[in-house]
There are 2 protein chains.
Amino acid sequence: MLNEKTMSHSVECGDCPIRHRAVCARCETDELERLEEIKYYRSFEAGQTVIWSGDRMDFVGSVVSGIATLTQTMEDGRTQMVGLLLPSDFVGRPGRNGSPYDVVATTDLVMCCFRKKPFEAMMERTPHIAHRLLEMTLDELDAAREWMLVLGRKTAREKIASLLTILARRDATLNLRAPEGAMVFDLPLTREAMADYLGLTLETVSRQISALKRDGVISLQGKRHVTVPDFVRLLEEAGDDSDGGLLA
Amino acid sequence: MLNEKTMSHSVECGDCPIRHRAVCARCETDELERLEEIKYYRSFEAGQTVIWSGDRMDFVGSVVSGIATLTQTMEDGRTQMVGLLLPSDFVGRPGRNGSPYDVVATTDLVMCCFRKKPFEAMMERTPHIAHRLLEMTLDELDAAREWMLVLGRKTAREKIASLLTILARRDATLNLRAPEGAMVFDLPLTREAMADYLGLTLETVSRQISALKRDGVISLQGKRHVTVPDFVRLLEEAGDDSDGGLLA
DNA sequence: CGGACGGTTGACGAACTTCAAGTGGAGTGG
DNA sequence: CCACTCCACTTGAAGTTCGTCAACCGTCCG
C-alpha cells in the first residue's frame, strides 16, 4: 500500500528536458541555481499512486518524464479523471496543504520536486516563477473548460475522437512536428482509463474505437498503437472546428 | 446586435462591495489608488452579451454585482456552460487577446474594468495583484475539475442537486450565513441555462426538479424561489460527502 | 497448463433525449 | 375586465444512446 519511492540523481537544470516549458521556464541562470539547491527527483513505477486524495502534501513539482493522471472518486466508486499530467506539467498547489485528487503514475514517472515551504518562499522573491505558474494555471483552466464541453455535450464517438486528437497533438508537439496529415502515436492509457477520462464505460470506449477503425478514421497495430491517416477527418469526428481552434 | 453599454460612475475602492474578495483583495492603500486611476465601470442589462467568443478583448475586470455565464458553443448549436461568474469573479486573461468563450449577463450586471495594457503593466509591478490572481485562478481550476465529475459521472438527479448545493452555498456566503439546516434562495438561471450548465436538456431539468419537489428534498414558491428544508439531505442527493468536502 | 489481465462483442434494459401538446403567469390591447 | 399572446416551464409518449451483464479472445507469466 505504501509506495516505495526511488530517489534518482538530479540532472543539471540547464540540461533538463522540460527546461523551456516547466514552471522554471522563465528563470534566469541565478534563479535556476537557487532552484537547483532545493530540488530533488523522485521516481514512481507505473501504477503507483503519487498522492492520495486528502493526504497532506509537503511538496510540489513538475513531471519530467512519464504520464500521471488526476482523478476524483465518489464514495460508491464512480471515478472521473480530471487531468492528464504530461512532462512539464505542474503538480500541487502553493498555499494549500492537501490534494483534492488522487495523482497516479500511469507509466513510469520521474518528477522534479520542491519542498513546499522553500518553494513558496522562493515564489515570493521570484516573479518569474509566480508569473509562469499563473500562465500555466490559466492554460490548465482553459483545458479543463474545453473538457467540460466534451463531457457535457459530446457523443461517445465524438468523445473518443476528441481524446485521440489531444493525444495526437501532444505527441506531435513533444516530437516537434506539426499536427496535420498522417499521424502515428501510442495510447498511454488503458481502455478503462480512457473511460474514466471521458465519462463512459470501458465497453463503450472499446465499441467506439472499433467503430472508428471500421470507418477508416483510425487504424490500430495491436491494441495501443494508433495510425490516423487524416487528422482533419479526425477533427471533424471530434466535432471541433477544423482550424484547430487556436486562441489568439 | 451591438450591445450598448452604459457607463456608470465608479465607487471608491474602499467602499466597494467586493473589495475583500476580488483581484484587488490584497492591495495596500497606495496600490488601490493606482488601480483607481485605471478602472472604469460598465453596466449590462440582463441578456446582453459582454464578450463574444473569439472577439478581441481590450479589458479585464471583476464582476461587481449580478451574474454572468461563460459558455462554449459547437457549430451545430450544442452549448455548454463552463463557468458561472458571481460578484468578485474575474473576467479575462492577462497575456491573451481574445476570449475563447461567450460571456453573457444573465441578470443586470455591473463590472469593474481595467484596460488590459495598463493592468498588465500594473501586475508586473504589484505582486499582491499577481498573487491574488493566481490564487483565484487555482480556485477556479478546482471548481472546473469538480464540475467535470458532475458532468462525467453524475445522474440527472444528482446533477440538479449539485447545482442547487452550489447556488445555496453561494447565496449563504454572500449573506454571511453558514450553509446548514434550512436554506432559501432564488434560482438565477432559467431551466435552459441550468441544462446548459449540467449537460442536460431543459425537459430533463424540469422533470428532475419536479421529482426532487415530490420527494420533499426541496419546495418551490413560484418557479424560481427555492426552499431547502434540510441541506444535508440535499448534499446526499448530490452524491457528495456530507462534510462539505472542505479542502485543507 | 491455468490464471490474470486487458480487451472485444452481444443481448438487453435503463436513462436520457426528442417531439409534441399543454399549463400558468405576466404583459398588452380592446 | 376580459381576451390574447408570449414565454418559461411542465408533462407525456416514443425513440436513441449508452450502461449493464455476461461470454469470450489473446497474451503474458508463473
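So that the names make sense, note that chain A is the first sequence line, chain B the second, and so on, each numbered from 1.
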Taking B:Lys159 as the fixed residue, which of B:Val205, B:Val150, B:Leu164 is the one that meets the side chain to side chain contact (heavy atoms under 4.5 Å, CB included) rule?
B:Val150

Considering only heavy atoms, which members of residues 184-194 of chain A lie under 4.0 Å from some atom of DNA chain D?
none

Just checking A:Arg78: does its CZ atom have more than 12 heavy atoms from other residues, nucleotides or ligands closer to it than 6.0 angstrom?
yes

With ring pair (Phe, Tyr, Trp, His ring centres under 6.0 Å) as the rule and sequence neighbours excluded, what pairs involving residues 152-175 of chain A come up?
none

May I ask you to evaluate whether B:Ser210 reaches the phosphate of D:dT11, defined as a side-chain N or O under 4.0 Å from OP1 or OP2?
yes

Residues passing the salt bridge (charged side-chain N to carboxylate O under 4.0 Å, His left out) test with A:Asp186, sequence neighbours excluded, are none

For B:Ile209, answer base if it contacts any base atom (sugar-phosphate contacts may also be present), sugar-phosphate if it contacts only those atoms, and nothing otherwise; contact means non-hydrogen atoms under 4.0 Å.
nothing

Can you check each nucleotide of nucleotides 22-30 of chain D against protein heavy atoms at under 4.0 Å and return B for base, S for sugar-phosphate only, - for none, in 5' to 3' order?
---------

Closer than 3.5 angstrom, by distance alone: can the side chain of A:Ser99 be matched with the main-chain N or O of A:Tyr101 as a donor-acceptor pair?
yes

Select base, sugar-phosphate, or nothing to describe what A:Arg157 touches, counting heavy atoms under 4.0 Å on all strands.
nothing

From D:dA8, D:dC18, C:dT8, nucleotide with atom closest to A:Thr155 side chain:
D:dC18

Kindly indicate whether the side chain of B:Arg207 and the base of D:dG12 share any N or O donor-acceptor pair separated by less than 3.5 Å?
yes

A correct dot-bracket answer for DNA chain C, with pairs being Watson-Crick or G-U at under 3.5 Å, [ ] for crossing pairs and | for inter-strand pairs, is ||||||||||||||||||||||||||||||

Distance in angstrom units between A:Glu158 CD and D:dT16 P, rounded:
17 Å

Nucleic acid contacts - residues 211-220 of chain B versus DNA chain C, non-hydrogen atoms under 4.0 Å:
none

What is the separation between atom CG on A:Asp76 and atom P on D:dG19, rounded to the nearest whole Å?
15 Å

If you check the A:Thr201 side chain, which of C:dT9, D:dG19, C:dG7 turns out closest?
D:dG19

Please state how far atom CG in B:Leu202 lies from atom C1' in C:dA21, giving the value in whole angstrom units.
15 Å

Atom CZ of B:Arg78 to atom P of D:dT17: distance rounded to whole Å?
12 Å

Measure from NZ or CZ of A:Arg42 to the centre of the six-membered ring of A:Phe59, then state whether that distance is under 6.0 Å and the direction lies within 45° of the axis.
yes

Taking only the side-chain heavy atoms of A:Thr204 (C-beta and beyond), determine which of C:dG7, D:dA8, D:dG19 contains the nearest atom.
D:dG19

Is the backbone of B:Thr79 close enough, under 3.5 Å, to the side chain of B:Gln72 for a donor and an acceptor to pair up by distance?
no

With sugar-phosphate meaning primed atoms plus P, OP1 and OP2, does A:Gly222 contact a base, only sugar-phosphate, or nothing at under 4.0 Å between heavy atoms?
nothing

Sidechain-backbone polar pair: B:Trp147 side chain, A:Ala144 backbone, donor-acceptor under 3.5 Å:
no

Closer than 4.0 angstrom, basic N to acidic O: yes or no for A:Glu203 and A:Arg207?
no

Nearest-angstrom distance from the residue atom NZ of A:Lys159 to C1' of D:dG19
12 Å

Pairing of B:Asp196 and A:Arg153 as salt bridge, 4.0 angstrom limit:
yes

Euclidean distance, atom CG of residue A:Leu200 to atom P of C:dA15 [Å, nearest integer]
18 Å

In this structure, how many angstroms lie between the C1' atom of C:dT18 and the CZ atom of A:Arg153, rounded?
13 Å

Interatomic distance where CG belongs to A:Leu151 and P belongs to D:dC18 [whole Å]:
13 Å

Indicate yes or no: does A:Arg157 engage A:Asp215 in a salt bridge with an N to O separation below 4.0 Å.
yes

Considering only NZ, NE, NH1 and NH2 on the basic side and carboxylate oxygens on the acidic side, decide whether A:Arg93 and B:Asp139 come within less than 4.0 Å.
yes

